[in-house]
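Naming convention: chains lettered A, B, ... in sequence-line order (proteins, then strands); numbering from 1 in each chain.
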Number of protein chains: 2
Amino acid sequence: MSQVSGRRRAVTILDVARAAGVSRAAVSKVIRDASGVSPAMRARVNAAVQELDYRPSVAARALRGASYTIGLEVPQVGNRFLTQIVEGALEALGDTRYQLMIAPADGREGYGAIEALADRQVDGIVVVSPRVEARWLERLAASVPVVMLGRHDRSERYDTVVGDDTAGAGQVLEHLVGLGHRHIVHLTEDSAVTAIGTGSPHTLRLRAYEDGMAAAGLGALARVVRTGQTEKSAQATMRELLAERPRPTAVFAGHDQLAIGALAAVVEADAGREVSLVGYDNTDLAAHPALSLTSVDQGGPEMGRRAIGMLLERIGGRTEPRHHVIRPSLAVRRSSGPPAHD
Amino acid sequence: MSQVSGRRRAVTILDVARAAGVSRAAVSKVIRDASGVSPAMRARVNAAVQELDYRPSVAARALRGASYTIGLEVPQVGNRFLTQIVEGALEALGDTRYQLMIAPADGREGYGAIEALADRQVDGIVVVSPRVEARWLERLAASVPVVMLGRHDRSERYDTVVGDDTAGAGQVLEHLVGLGHRHIVHLTEDSAVTAIGTGSPHTLRLRAYEDGMAAAGLGALARVVRTGQTEKSAQATMRELLAERPRPTAVFAGHDQLAIGALAAVVEADAGREVSLVGYDNTDLAAHPALSLTSVDQGGPEMGRRAIGMLLERIGGRTEPRHHVIRPSLAVRRSSGPPAHD
DNA sequence: CTGAAAGCGCTAACAC
DNA sequence: GTGTTAGCGCTTTCAG
């Protein structure tokens with residue numbers, strides 16, 4: 001009806017049809033460039049579209065078919081690693097007709113953001129939060145193509161893209177042990193994150209840490225310290241570690257955000273030369289010379305690109321699941337070095 | 001009809017109505033908790049909703065009325081300042097029934113992301129990119145509530161939230177001049193950004209820089225250096241500045257990302273004590289002890305919160321425009337100090 | 001090659 | 001208080 005609070009009604013396909021003196025169906029064909037339209041009609045319709053500045057309603061389209069929207073659920077907008085994934089995804093979407101929509105799940109627990117995406121009839125969903133039940137995800141995947149990032153358990157219903165967390169953490173351990181460290185602490189998020197079945201990346205990193213310590217004959221020295229998921233809490237936890245005597249000589253953080261928080265405590269205590277620090281994700285910040293954080297690169301942008309690629313394949317009709325594993329590599333920087341005292 | 005490539009058809013309101021033995025309208029009323037439903041019916045319907053795991057289609061709803069979606073257009077997903085805005089926005093959306101959807105405009109120029117949002121029938125749009133023509137925005141605002149962030153020119157059609165860039169940059173100049181600096185360079189993005197009418201934040205910061213220099217009797221020493229929008233390019237530009245003799249003693253960067261890039265060059269050259277650096281935005285990184293960057297805080301989260309507040313008011317019916325200005329404050333840290341040699 | 005008509009899932013009038 | 005009905009804007013058979 002009339003405009004709500006002075007809002008203008010949008011131009012519809014009917015307006016265009018009338019202006020061009022053709023049927024709605026004809027307009028529809030032209031804008032989708034479907035076959036079966038004469039050049040003359042195409043020209044008339046296009047002119048009318050231009051003239052009226054017509055834009056098809058995605059909602060109406062979605063009701064019939066596709067919304068040309070890819071949804072990406074992210075647990076935390078501020079997370080640099082996720083940001084890299086998004087950049088890769090955008091790149092892969094490039095000039096397809098699909099638009100990326102990011103639904104932030106910040107704070108609110110549960111599946112709200114993912115459901116919001118599904119409710120909006122997106123054509124495919126990339127899920128990043130690892131705290132999602134596999135069952136639930138399978139149900140979701142029954143109605144819309146899904147690719148899950150960073151989850152190791154495989155499903156018949158959805159695709160996955162993961163880094164090889166075991167290998168990555170293994171490289172860290174080799175590096176630190178190789179430098180001569182023995183008192184190596186693993187700093188990771190509280191157990192909620194490492195307890196999600198065996199599939200969570202952080203669980204695997206934790207296992208690999210324990211295995212690596214054991215393999216180096218340091219099993220008895222292995223020590224896992226939990227902290228919150230923010231930089232601030234990692235900083236606070238690291239302060240406590242630095243107050244201990246003897247101090248651990250190296251800390252392997254579960255991800256860069258924790259590592260960067262820990263680094264803050266190290267800088268405060270001016271203990272840079274005494275304790276080595278290694279992160280995971282090789283966030284762009286890690287390379288900053290003021291931080292120079294040794295970190296495992298697991299190719300965030302590549303993950304994003306791959307995820308989109310798989311989704312587009314699914315949308316295109318593929319039904320067999322695919323699972324892609326990315327090989328990580330360690331970027332060694334100044335935050336790690338030989339222990340000060342042997 | 002039947003499922004596309006094995007995809008399950010979603011439960012519709014009709015399924016629920018049948019299961020509950022009532023009409024579709026009744027179901028609709030219950031799920032929107034509109035008035036005029038008996039407790040008994042409400043119970044039956046709710047049971048059926050649970051049973052079938054029914055979720056209303058947002059697309060279908062949008063066709064009639066609201067999509068309960070707020071769109072936020074961001075020019076760059078990796079930008080920490082934008083991230084803060086998003087966090088504020090999420091907070092303000094809290095437990096309203098509105099869902100935030102972020103449309104990243106990364107890279108692609110033009111209004112693609114904003115249009116994508118509008119096409120998807122969002123109930124309101126927050127626009128962050130300052131490179132948008134006022135005209136175009138006014139047209140958009142005629143069909144959907146819009147609030148524009150960081151733009152100084154006022155419109156009758158849309159709301160705005162801005163920091164007082166002139167005051168913020170003024171504080172920086174006072175700070176640096178007060179410390180005794182005379183060779184103060186302003187590092188800002190290439191002219192495309194500072195040339196968008198008089199409304200762009202960066203134009204105002206630039207003006208305030210020039211005015212501040214002049215007011216301090218340093219007009220002749222004023223020097224504006226342009227760089228790209230990435231950390232890397234700021235770093236490269238800063239390297240060149242550091243290679244000059246005499247070096248500038250202070251650099252005021254147009255925003256933290258540039259400042260952080262510049263800081264990388266400073267750290268590389270080990271010139272930390274010789275050149276002061278000030279940023280703008282007071283990004284969370286600025287507070288990190290390894291960077292400790294002096295920066296202007298313009299309340300990103302507050303901007304996000306305010307923007308959402310205004311949008312909800314518009315959606316609620318307000319039609320007169322509102323424009324909100326946030327007072328910035330300077331966070332002084334170790335990156336700025338008195339010049340080494342006078 | 002073109003147009004008429006049915007219907008996607010939902011809401012809002014309006015009858016009953 | 002409850003159900004019927006007419007669309008919202010678009011795509012898609014299916015006749016012509």
Specify the residues of residues 42-66 of chain B, ordered by number, for which at least one heavy atom lies under 4.0 angstrom from an atom of DNA chain D.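 Those residues are L63(B), R64(B).
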For DNA chain D, which residues of residues 24-40 of chain A approach it to below 4.0 angstrom with any heavy atom?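 Within this stretch, R24(A), A25(A), S28(A), I31(A), R32(A) sit under 4.0 Å of the strand.
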Under 3.5 Å, side-chain donor or acceptor atoms of residues 75-82 of chain B against the rest of the protein: list the pairs with distances, not counting sequence neighbours.
from   : atom 1 : to      : atom 2 : distance (Å)
Q76(B) : NE2    : Q229(B) : OE1    : 3.4
N79(B) : OD1    : F81(B)  : N      : 2.8
N79(B) : OD1    : L82(B)  : N      : 3.2
R80(B) : NE     : D284(B) : OD1    : 3.2
R80(B) : NH1    : G78(A)  : O      : 3.1
R80(B) : NH2    : D284(B) : OD1    : 3.2
R80(B) : NH2    : D284(B) : OD2    : 2.6

Enumerate the ring pair (Phe, Tyr, Trp, His ring centres under 6.0 Å) contacts for residues 107-130 of chain B, please, sequence neighbours excluded, ordered by first and then second residue.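 Matches after skipping sequence neighbours: Y111(B)-W136(B).
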With sequence neighbours excluded, give me every ring pair (Phe, Tyr, Trp, His ring centres under 6.0 Å) pair touching residues 115-135 of chain A.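 Every candidate ring pair (Phe, Tyr, Trp, His ring centres under 6.0 Å) pair involving residues 115-135 of chain A fails, so no pair, neighbours aside, qualifies.
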Go through the structure and list residues passing side chain to side chain contact (heavy atoms under 4.5 Å, CB included) with V162(B), not counting sequence neighbours. H152(B), V325(B)
List in chain and number order the residues that pass side chain to side chain contact (heavy atoms under 4.5 Å, CB included) with R55(B), two or more places apart in sequence or in another chain; answer none if no residue qualifies. E115(A), D119(A)
Gap between atoms CD and C1', on Q121(A) and dC10(D) respectively (whole Å):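 Interatomic distance, CD of Q121(A) to C1' of dC10(D): 13 Å.
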I need the CE-C1' distance between M41(B) and dG1(D), as an integer number of Å.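 Going from CE in M41(B) over to C1' in dG1(D) covers 8 Å.
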Going by atom types only, do H324(B) and R306(B) share a side-chain donor-acceptor pair under 3.5 Å? yes
Just checking, is any N or O donor in the side chain of S155(B) or E138(B) under 3.5 Å from an acceptor N or O on the other one? yes
Tell me the closest heavy-atom pair linking T96(B) and A92(B), and the distance in Å.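 Scanning both residues, the minimum pair turns out to be CG2-O, 4.3 Å.
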Less than 3.5 Å apart, which donor and acceptor atoms pair up between the side chains of residues 29-39 of chain A and the rest of the protein, not counting sequence neighbours?
from   : atom 1 : to     : atom 2 : distance (Å)
R32(A) : NE     : S28(A) : O      : 3.2
R32(A) : NE     : S28(A) : OG     : 3.0
R32(A) : NH2    : S28(A) : OG     : 3.1
S38(A) : OG     : M41(A) : N      : 3.3

Got more than 12 heavy atoms from elsewhere within 6.0 Å of CD, E156(A)?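 Count not over threshold, so no.
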In Å, rounded to the nearest 0.5 Å, how long is the span from CG of L312(A) to CD1 of I315(A)? 5.5 Å
Residues two or more places apart in sequence or in another chain: which of them pass ring-ring contact (aromatic ring centres under 6.0 Å, His included) with Y68(A)?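 In terms of ring-ring contact (aromatic ring centres under 6.0 Å, His included), with neighbours along the sequence ignored, Y68(A) is linked to Y98(A).
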Does anything in residues 10-20 of chain B come within less than 4.0 Å of DNA chain C? Heavy atoms only, and list the residues if so.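 Residues of residues 10-20 of chain B under 4.0 Å from DNA chain C: T12(B), I13(B).
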Test salt bridge (Lys or Arg N to Asp or Glu O under 4.0 Å) applied to R120(A) - qualifying residues, sequence neighbours left out: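 Result, salt bridge (Lys or Arg N to Asp or Glu O under 4.0 Å) vs R120(A): none returned.
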Computed from five pairs at either end and rounded to 10 degrees, the angle between the axes of the helix from dC1(C)-dG16(D) to dC16(C)-dG1(D) is 40°
